[in-house]
Number of protein chains: 2
Amino acid sequence: MNNIQNILRNNKLSVTEGRKKILQLFLNTEGALAHSDIEKGAGENFDRVTIYRTLHSFVEKGIIHAIPSADNSIKYALCKDECGEGHHHDHHVHLVCSVCQKTLCLDEVVVPIVNFPAGYCIKNIEVVANGICKQCNS
Amino acid sequence: MNNIQNILRNNKLSVTEGRKKILQLFLNTEGALAHSDIEKGAGENFDRVTIYRTLHSFVEKGIIHAIPSADNSIKYALCKDECGEGHHHDHHVHLVCSVCQKTLCLDEVVVPIVNFPAGYCIKNIEVVANGICKQCNS
DNA sequence: CAAATAATTGCAACAATGTTGCTATTTTTG
DNA sequence: CAAAAATAGCAACATTGTTGCAATTATTTG
């Protein structure tokens, strides 16, 4: 029935107003959300601390993933089903659009294989592209 | 003669104590530096604001480049010669070592070509790998 | 379903990080 | 070396992130 409740239940998180509201926001949003977006979008009477803690536990559980950026504004986006507690499998590329400023997950663009010199042990690779998205480019 | 002075001169920056000291730090350091590293390393009597402003102008001039990360701790590293005012050409991969915590520029590892679907316009691609560096892996 | 237990929230206080305007100082220029 | 330009330092403030604790809310158990 209720998709949101299920997601929380499946990840062994109590179903609370705050978590429901934040998860709803992610489900309704195309592109990634910064902490400040959530603060604005989740209604006025929302403690900042709750947002921090909710985002942390969502990341931990593999419900959302953090997208790095070079301008000190981490964004978060929903993970695909393969992610779970303690492990993320987000092998897609992210795009920051310089026109609409959105950060998008390009699920169809897979992170390429990078050849490292011998001696390195690579665990995971993040790719963030800067450019213009489909919508803004037309 | 003086390498540091030349770098500043070539980039049309006044040669000041602060800039010399911060540039020296970068030249002496293997790996990238965070703002806080510089604050610690540059001596006690250093205004934080000066560091912010110096880093900004170094990035603008193409002397250093910012390395994104998913944990809100931007680091900076020296650019190669091809970088200049207003344009960066850092087509190398970055590695964050989970053992020594250093962020390294792997100049020998070139950012691969990523194929985006039609409609996107890509300006630049950042690749950050997480893993273990050569030193720590031996 | 109510009581007991466990988990989460909100608050307050604080720490760290980043920004802006202004004046004093330093650097560069002529 | 003096005038002009650029930069540093200071203060004040805004934003972002963290921690401990008491009160509230959710879940579990009988």
Side-chain angles (χ1 to χ4, degrees), chain A residues 1-2 4-25 32-61 63-64 66-76 85 101 103, chain B residues 1-2 4-25 32-61 63-64 66-76 85 101 103:
Chain A
M1 228 48 334
N2 192 330
I4 292 183
Q5 282 208 4
N6 284 342
I7 294 175
L8 293 174
R9 283 267 161 69
N10 290 341
N11 286 286
K12 291 171 209 144
L13 290 172
S14 311
V15 179
T16 66
E17 280 311 303
R19 286 175 182 164
K20 281 194 282 182
K21 201 176 276 187
I22 292 177
L23 198 42
Q24 183 76 68
L25 253 182
L33 293 170
H35 175 100
S36 61
D37 297 325
I38 296 166
E39 210 162 326
K40 284 163 207 148
E44 308 308 326
N45 42 4
F46 230 81
D47 201 87
R48 282 182 331 109
V49 179
T50 301
I51 299 176
Y52 282 112
R53 292 198 270 227
T54 302
L55 289 175
H56 285 164
S57 56
F58 281 6
V59 169
E60 232 168 54
K61 295 294 185 177
I63 300 174
I64 61 176
I67 304 168
S69 79
D71 72 336
N72 256 347
S73 65
I74 293 186
K75 302 211 170 181
Y76 300 90
E85 180 151 12
Q101 299 296 333
T103 297
Chain B
M1 233 36 347
N2 191 329
I4 292 184
Q5 282 208 5
N6 285 341
I7 294 176
L8 293 173
R9 284 267 160 69
N10 292 340
N11 287 284
K12 291 170 208 142
L13 290 171
S14 310
V15 179
T16 66
E17 280 312 304
R19 286 175 181 164
K20 281 195 282 183
K21 201 175 276 187
I22 291 177
L23 198 43
Q24 183 77 68
L25 253 182
L33 293 169
H35 176 100
S36 62
D37 297 325
I38 296 167
E39 210 163 325
K40 284 163 206 147
E44 308 308 325
N45 42 3
F46 231 81
D47 200 88
R48 281 182 332 111
V49 179
T50 300
I51 299 176
Y52 282 112
R53 292 200 268 229
T54 302
L55 290 175
H56 285 163
S57 57
F58 281 7
V59 169
E60 231 168 55
K61 296 292 187 179
I63 300 173
I64 60 176
I67 304 169
S69 79
D71 72 334
N72 255 348
S73 66
I74 292 186
K75 301 212 171 181
Y76 299 90
E85 180 151 11
Q101 298 297 333
T103 296

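Chain A is the first sequence line, chain B the second, and so forth, proteins listed ahead of strands; every chain is numbered from 1. Computed from heavy atoms alone, side chains included, the values below leave out hydrogens, waters and symmetry copies.
Every residue meeting the salt bridge (charged side-chain N to carboxylate O under 4.0 Å, His left out) condition with E17(B), not counting sequence neighbours, appears here in chain and number order: K20(B). For Q5(B), there are no side chain to side chain donor-acceptor pair (under 3.5 Å) partners at least two apart in sequence or on another chain. For K40(A), there are no salt bridge (charged side-chain N to carboxylate O under 4.0 Å, His left out) partners two or more places apart in sequence or in a different chain.
Between N11(A) atom CG and I63(A) atom CD1 the span is 4.0 Å, to the nearest 0.5 Å. Note that CG of L8(B) and OG1 of T16(B) are 7.0 Å apart. Values are rounded to the nearest 0.5 Å.
Nearest-nucleotide assignment on DNA chain C puts the 5′-proximal partner with F46(A), out of F46(A) and N72(B).
For I51(A) and dC11(C), the CD1 to C1' distance is 15 Å, given to the nearest whole Å. We find that CG of D47(B) is positioned 16 Å from P of dG21(C), with the value rounded to whole Å. Spacing between atom CZ of R19(B) and atom C1' of dT7(D) amounts to 6 Å, rounded to whole angstrom units. Distance, Y76(A) OH to dT16(D) C1': 11 Å, rounded to whole Å. Regarding K21(B), its NZ atom lies at a distance of 15 Å from the C1' atom of dT26(C), rounded to whole Å. To the nearest angstrom, P of dT7(D) lies 13 Å from CD1 of I22(B). Straight-line distance from the NE2 atom of H35(A) to the P atom of dG18(C): 16 Å, rounded to whole Å. Spacing between atom NZ of K20(B) and atom P of dT26(C) amounts to 13 Å, rounded to whole angstrom units.
Residues A32(B) and D37(B) come closest through the heavy atom pair O-OD2, 4.3 Å.
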**Fill in**
Expected string for nucleotides 18-30 of chain D under the B/S/- scheme (protein heavy atoms, under 4.0 Å, primed atoms plus P, OP1, OP2 as sugar-phosphate) is BBB-----SS---
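Five base pairs at each end of the helix from dC1(C)-dG30(D) to dG30(C)-dC1(D) define two local axes, and these are offset by 40° (rounded to 10°).
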In residues 46-56 of chain B, what donor-acceptor pairs under 3.5 Å come from side-chain atoms, sequence neighbours left out?
residue: D47(B); atom: OD2; partner: V49(B); partner atom: N; Å: 2.9
residue: T54(B); atom: OG1; partner: T50(B); partner atom: O; Å: 2.6

Review item, side-chain donor-acceptor pairs of residues 69-76 of chain B, under 3.5 Å, at least two apart:
residue: S69(B); atom: OG; partner: D71(B); partner atom: N; Å: 3.4
residue: S69(B); atom: OG; partner: D71(B); partner atom: OD1; Å: 2.6
residue: S69(B); atom: OG; partner: S73(B); partner atom: N; Å: 3.4
residue: D71(B); atom: OD1; partner: S73(B); partner atom: OG; Å: 2.9

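No side-chain heavy atom of I64(A) sits under 4.5 Å from any side-chain heavy atom of L33(A).
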